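Worth saying up front: this structure is predicted, and the values here are computed from it rather than measured. No hydrogens, no waters, no symmetry mates; every other heavy atom, side chains included, goes into these values. Throughout, residue positions are numbered sequentially from 1 according to the sequence presented.
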Amino acid sequence: AALRALSGLCRAALVLAQLCGLSGRVGSLMTTKHSQPQSAFAQSLTSTSTNAPYFKAAESTEIPSYMIKCPSNGLCSRLPPDCVTCNTNYSCVYGKPATFDCKVKPHVHCVDENNHEQENFTVNMTCQFCWQLAPADYVCTNSTSCMTVSCPRQRYNATCTVRDHIHCLGNRVFPKMLYCNWTGGYKWSTALVLSITLGGFGADRFYLGQWREGLGKLFSFGGLGIWTLIDVLLISVGYVGPADGSLYI
């Protein structure tokens with residue numbers, strides 16, 4: 001009986017050992033399965049990190065936006081201000097000639113008078129701020145809502161931009177109060193001819209967009225001629241203009 005009990009215990013021990021071996025194999029299989037995605041993810045990270053310098057190099061080779069305004073192999077002294085960087089000297093005397101040391105921006109190529117490429121050069125200009133330039137040196141926005149024929153003459157807030165070939169001090173975009181100077185396409189000569197020939201029927205007033213006055217002249221036969229003569233005089237001196245408040249062409 002003792003021998004039988006001892007053999008039973010040995011068999012139970014063998015069964016437990018086999019069960020422990022199976023669980024170890026299952027655990028190893030599970031760890032290998034989980035480790036495979038991690039290794040693939042690690043490989044993806046490694047490949048991404050190795051490709052990162054390539055994308056950075058591509059971004060560094062992009063052409064700057066200011067290159068559109070910069071002519072290639074032109075005179076450095078004639079480059080637009082957006083293509084150069086100058087050391088501004090605000091101690092210059094207003095209205096007097098001044099010289100500024102300038103340097104071309106990256107990717108900009110220019111030459112001197114002897115057709116030699118250079119980076120550092122000087123620019124001669126008049127010492128004045130951009131908002132002090134002559135009206136021909138900048139372009140401003142127009143307003144089609146203010147009245148050009150009024151007393152006093154109306155002004156409007158405009159945004160002005162200095163032309164590319166002009167050098168000046170300060171901001172190249174600035175606000176300015178300007179007189180209303182827009183036109184709706186009405187010709188002074190056409191209005192005058194209509195006033196002389198067909199003014200008795202209100203043709204001049206209809207042409208200028210003044211419908212009420214035109215109807216009044218039409219049904220009164222030009223105010224029996226008096227209104228017609230007055231309109232000829234007022235249109236000839238420019239006192240009567242388009243109804244939208246614009247100027248004659």
Subject >> Shortest non-hydrogen separation from Ala191 to Asp204 and the atoms involved >> reply: O-CB, 3.9 Å
Original post:
Is there side-chain contact between Leu208 and Glu213, with at least one heavy-atom pair below 4.5 Å?
Top reply: no
Original post:
So do Tyr248 and Ile235 actually touch side chain to side chain, heavy atoms under 4.5 Å?
Top reply: yes
Indicate, with yes or no, if [Y] and [X] share a hydrophobic cluster defined by side-chain heavy-atom contacts under 4.5 Å among Ile, Leu, Val, Met, Phe, Trp and Tyr.
X: Leu79; Y: Val123; result: yes
X: Leu194; Y: Ile230; result: yes
X: Ile196; Y: Val240; result: yes
X: Tyr207; Y: Tyr239; result: yes
X: Val93; Y: Met125; result: no

**OP:** Report the residue from Glu117, Glu119, Gln118 that forms a side chain to side chain donor-acceptor pair (under 3.5 Å) with His109.
**Re:** Glu117
**OP:** With rounding to the nearest 0.5 Å, note down the distance linking CG in Asp231 to CG in Leu192.
**Re:** 11.0 Å
**OP:** Enter the distance from Gln128:CD to Asp137:CG here, rounded to the nearest 0.5 Å.
**Re:** 7.5 Å
Original post:
With a 2.5 Å cut-off on the SG atoms, do Cys102 and Cys76 make it?
Top reply: no
**OP:** Would you please indicate if the ring centroids of Phe174 and Tyr138 are separated by under 6.0 Å?
**Re:** yes
Using modelled atom types and a 3.5 Å cut-off, is there a donor and acceptor pairing between side-chain atoms of [X] and backbone atoms of [Y]?
X: Lys105; Y: Asp82; value: yes
X: Thr159; Y: Thr141; value: no
X: Arg172; Y: Arg163; value: yes

Original post:
Does CZ belonging to Phe201 count more than 12 external heavy atoms closer than 6.0 Å?
Top reply: no
Original post:
Given Phe221 and Thr228, is the side chain to side chain contact (heavy atoms under 4.5 Å, CB included) satisfied, shown in steps?
Top reply: CA-CA 9 Å; Phe221 299 102; Thr228 302; over 6 Å; no
Original post:
In this structure, which one of Leu169, Thr122, Asn124 forms a side chain to side chain contact (heavy atoms under 4.5 Å, CB included) with Phe100?
Top reply: Leu169
**OP:** Please name the residue in the list Asp112, Val84, Val111 that meets the side chain to side chain contact (heavy atoms under 4.5 Å, CB included) test with Phe121.
**Re:** Val84
**OP:** Run the numbers on Phe206 and Leu215 for side chain to side chain contact (heavy atoms under 4.5 Å, CB included), then give the verdict.
**Re:** CA-CA 8 Å; Phe206 287 129; Leu215 292 174; 3.9 Å; yes
